[in-house]
Amino acid sequence: MKFSDPHSYTDSEQGKIAHIQFWIDVDFSAKVLKIKATYRLEKPVSGSFFLDTRDLNITRVYKDDQEIPWEIDQHDSIVGDRLHLKDLDGLSEFTIEMTTSPGASALQWVTPKQTAGGEHPFLYSQCQSIHARSIFPCQDSPSVRFTYEATVEVQRPLVAVMAAEHIETEHLEKTSQYRYRMPQPIPSYLFGIAVGNLAFEELGPRTGVYSEPEIIESAVWEFAENEQTLIEAEKLFGPYLWDRYDVLILPPSFPYGGMENPRLTFLTPSCILGDRSRANLVSHELAHAWTGNLVTNATWEDFWLNEGWTTYAESRITEVIEGDEYSQLYASIRRNGMLKVMERFGMDSDKTCLKYSQRGIDPDEVFSVIPYEKGASFILQLEKSVGREVFDAFIKKYIATFSFQSLTTEGFISFLERELPEAIKNVDIDEWLYAPGYPESAPALSSSLFDEVKARIDAYESGTLPDSHQIADWVPDQIRLFLLMLPERIPVEDCRQLESIFNLKDSHNYFMINRFYQIAVQSGYQDVLPGIERMVGSDGRMVTLAMIFRTMVNEEWTRDEARPMFERHRDKHHPTTVAVIEGILNKAGL
Ligand code: BES
Ligand code: ZN
């Protein structure tokens with residue numbers, strides 16, 4: 001059967017892009033990128049060649065001085081617009097000139113007011129899953145890889161960074177030209193660019209951090225351990241093949257916690273908490289350098305191969321760096337969170353399966369933690385069935401075998417059959433991959449940090465609130481787990497008490513207090529509204545915002561507050577986030 005990706009017009013039988021040479025002119029006043037891109041194909045192509053695009057203003061397609069006939073001949077609200085290059089005559093190179101649209105779904109044009117410094121604008125991309133096509137025409141399927149070079153021209157004193165290797169910078173009178181190249185072939189969703197008033201600090205020989213100068217010091221402190229994390233990760237998964245590992249701190253509207261753009265992880269500023277408590281975010285994005293960026297899911301239906309494997313890999317790193325007790329505590333947070341999401345979807349919903357057909361479904365719409373945690377539990381189950389030593393050798397072989405390749409779920413199973421037949425015998429593969437819900441046989445977790453939380457939950461359920469000294473040495477993730485394990489609705493007075501016991505009132509740890517806000521809304525604790533509004537105005541992460549708006553529209557007392565609150569902050573947020581929240585409000589008839 002011919003391979004096809006439900007989220008792309010790519011027909012790889014026509015040919016494949018091998019390399020792109022970009023000239024990118026960043027125009028903040030018009031909120032567009034003006035791009036000239038020369039494409040080199042793997043081999044000469046004759047006849048038709050399809051590329052994915054969305055909202056692009058294409059002005060010319062040519063080779064030397066020869067125009068190439070083209071047409072946008074298919075539209076789809078999810079997949080976008082098909083660019084059909086016609087009558088190619090054994091061509092292996094062509095150039096496209098285009099301008100992005102101000103509403104390009106991959107780009108966020110941040111106004112100076114919404115940055116830490118307040119003076120310069122900021123631009124960043126977020127291409128996963130199917131947004132690269134709104135920047136440049138491409139075979140926007142994770143099954144196609146290409147290398148690229150780029151020259152990015154920006155107004156001085158702005159700095160352009162890319163998820164690629166920096167070659168040189170040339171300062172002209174009014175502008176600077178930054179040259180980058182990506183010598184390792186990447187799928188289009190790992191294309192990354194950002195422009196802003198950026199500073200850089202070294203963390204170690206291969207690691208560093210980019211951010212606005214106003215926050216660089218706190219970022220350097222928060223991520224001081226990145227070099228060590230990289231060293232530990234290499235021991236587990238094999239050599240790091242991307243040369244450098246830098247992180248870039250984005251403005252608050254960044255819709256995710258982190259994004260594993262190669263060489264340059266993009267991070268939300270809300271992870272800078274002054275206590276290094278979100279180190280797992282870096283472990284996760286770094287782990288993608290192997291699971292995801294080297295071995296890539298072939299389509300977004302195989303997303304669990306990226307995220308499940310990476311969540312497993314993340315927890316292996318956490319175990320080495322922070323110990324087994326903490327790593328298992330964190331795993332139980334993930335599992336608890338996932339079970340809540342499964343209950344919301346319904347335990348028999350397709351969306352609780354690791355693999356199901358996503359034709360006609362927007363990957364942003366169905367994004368959830370299920371492929372992460374159910375996927376990681378499946379990999380852990382495989383590990384347990386053969387023992388760690390055997391499994392560790394398998395991990396290295398898996399990565400070495402499929403480096404710079406894409407893999408389907410079925411391809412992974414064939415590899416498993418070949419390399420770990422015992423795991424196939426002992427683990428119900430079909431149940432894990434294709435059945436809804438969470439298998440009973442999932443490996444158990446155990447941690448004394450978890451037990452302490454559970455003891456307080458048991459006490460709460462029999463009527464005793466924790467007191468301050470019982471929880472004095474709790475780490476933030478224990479509080480988070482406690483909140484996750486609380487009943488959905490509790491007395492208002494308990495909300496007030498817990499808020500004070502755990503010191504939640506002035507907390508900026510949105511990873512933790514978002515769950516408190518959820519319980520508070522469900523319980524009718526009215527004093528939290530200003531705190532919720534502060535979160536809605538300052539944390540751009542889609543999961544956080546979607547959760548709080550979903551909760552608010554479901555409760556009588558906050559229902560009418562949801563739309564006005566969203567409108568007050570809508571301009572601050574990313575187009576994808578806005579679309580998701582709009583969806584929630586519209587569905588609720590608001
Ligand atoms: N690759 C994801 C982010 C993503 C997924 C962006 C799907 C667009 C579509 C990234 O690696 C990720 O999973 N980030 C998590 C953090 C992690 C610690 C679970 C996030 O942003 O919450
Ligand atoms: Zn991830």
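Order of appearance sets the numbers: ligands from 1, and atoms from 1 within every ligand. Below, all heavy atoms of this structure are taken into account, side chains as well, without hydrogens, waters or symmetry copies.
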Which protein N or O atoms sit under 3.5 Å from any N or O of ligand 1? Give atom names and distances.
{"from": "ligand 1", "atom 1": "1 (N)", "to": "Gln128", "atom 2": "OE1", "distance (Å)": "2.7"}
{"from": "ligand 1", "atom 1": "1 (N)", "to": "Glu260", "atom 2": "OE1", "distance (Å)": "2.6"}
{"from": "ligand 1", "atom 1": "1 (N)", "to": "Glu260", "atom 2": "OE2", "distance (Å)": "3.2"}
{"from": "ligand 1", "atom 1": "1 (N)", "to": "Glu307", "atom 2": "OE2", "distance (Å)": "3.0"}
{"from": "ligand 1", "atom 1": "11 (O)", "to": "Glu260", "atom 2": "OE1", "distance (Å)": "3.0"}
{"from": "ligand 1", "atom 1": "11 (O)", "to": "His284", "atom 2": "NE2", "distance (Å)": "3.3"}
{"from": "ligand 1", "atom 1": "11 (O)", "to": "Glu285", "atom 2": "OE1", "distance (Å)": "2.7"}
{"from": "ligand 1", "atom 1": "11 (O)", "to": "Glu285", "atom 2": "OE2", "distance (Å)": "3.2"}
{"from": "ligand 1", "atom 1": "11 (O)", "to": "His288", "atom 2": "NE2", "distance (Å)": "2.9"}
{"from": "ligand 1", "atom 1": "13 (O)", "to": "His284", "atom 2": "NE2", "distance (Å)": "3.2"}
{"from": "ligand 1", "atom 1": "13 (O)", "to": "Glu307", "atom 2": "OE1", "distance (Å)": "3.4"}
{"from": "ligand 1", "atom 1": "13 (O)", "to": "Tyr372", "atom 2": "OH", "distance (Å)": "2.6"}
{"from": "ligand 1", "atom 1": "14 (N)", "to": "Gly258", "atom 2": "O", "distance (Å)": "3.2"}
{"from": "ligand 1", "atom 1": "14 (N)", "to": "Glu285", "atom 2": "OE2", "distance (Å)": "3.1"}
{"from": "ligand 1", "atom 1": "21 (O)", "to": "Gly257", "atom 2": "N", "distance (Å)": "2.5"}
{"from": "ligand 1", "atom 1": "21 (O)", "to": "Gly258", "atom 2": "N", "distance (Å)": "3.2"}

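- With Leu107 as the fixed residue, the side chain to side chain contact (heavy atoms under 4.5 Å, CB included) test singles out one of Ser125, Ser101, Ser134, Pro102: Ser125.
- Applying side-chain hydrogen bond (donor to acceptor under 3.5 Å, both in side chains) to Tyr245 and the options Thr229, Thr265, Asn226, Thr207 leaves one that passes, Thr265.
- For residues 398-410, the salt bridge (Lys or Arg N to Asp or Glu O under 4.0 Å) pairs, not counting sequence neighbours, are Lys355-Glu410.
- The distance from the Zn ion (ligand 2) to the nearest N/O/S atom of Glu307 is under 2.8 Å.
- The six-membered or imidazole ring of Trp242 lies near that of Phe404, with a centre-to-centre distance under 6.0 Å.
- Scanning for salt bridge (charged side-chain N to carboxylate O under 4.0 Å, His left out) contacts around Asp81 gives an empty result, with sequence neighbours left out.
- Within the 4.5 Å cutoff, side-chain heavy atoms of Phe394 are placed close to those of Leu416.
- Residues that satisfy the ring pair (Phe, Tyr, Trp, His ring centres under 6.0 Å) test with Tyr330, not counting sequence neighbours, are absent from this structure.
- The Zn ion (ligand 2) forms the vertex of an angle spanning NE2 of His288 and NE2 of His284; to the nearest 10 degrees it equals 100°.
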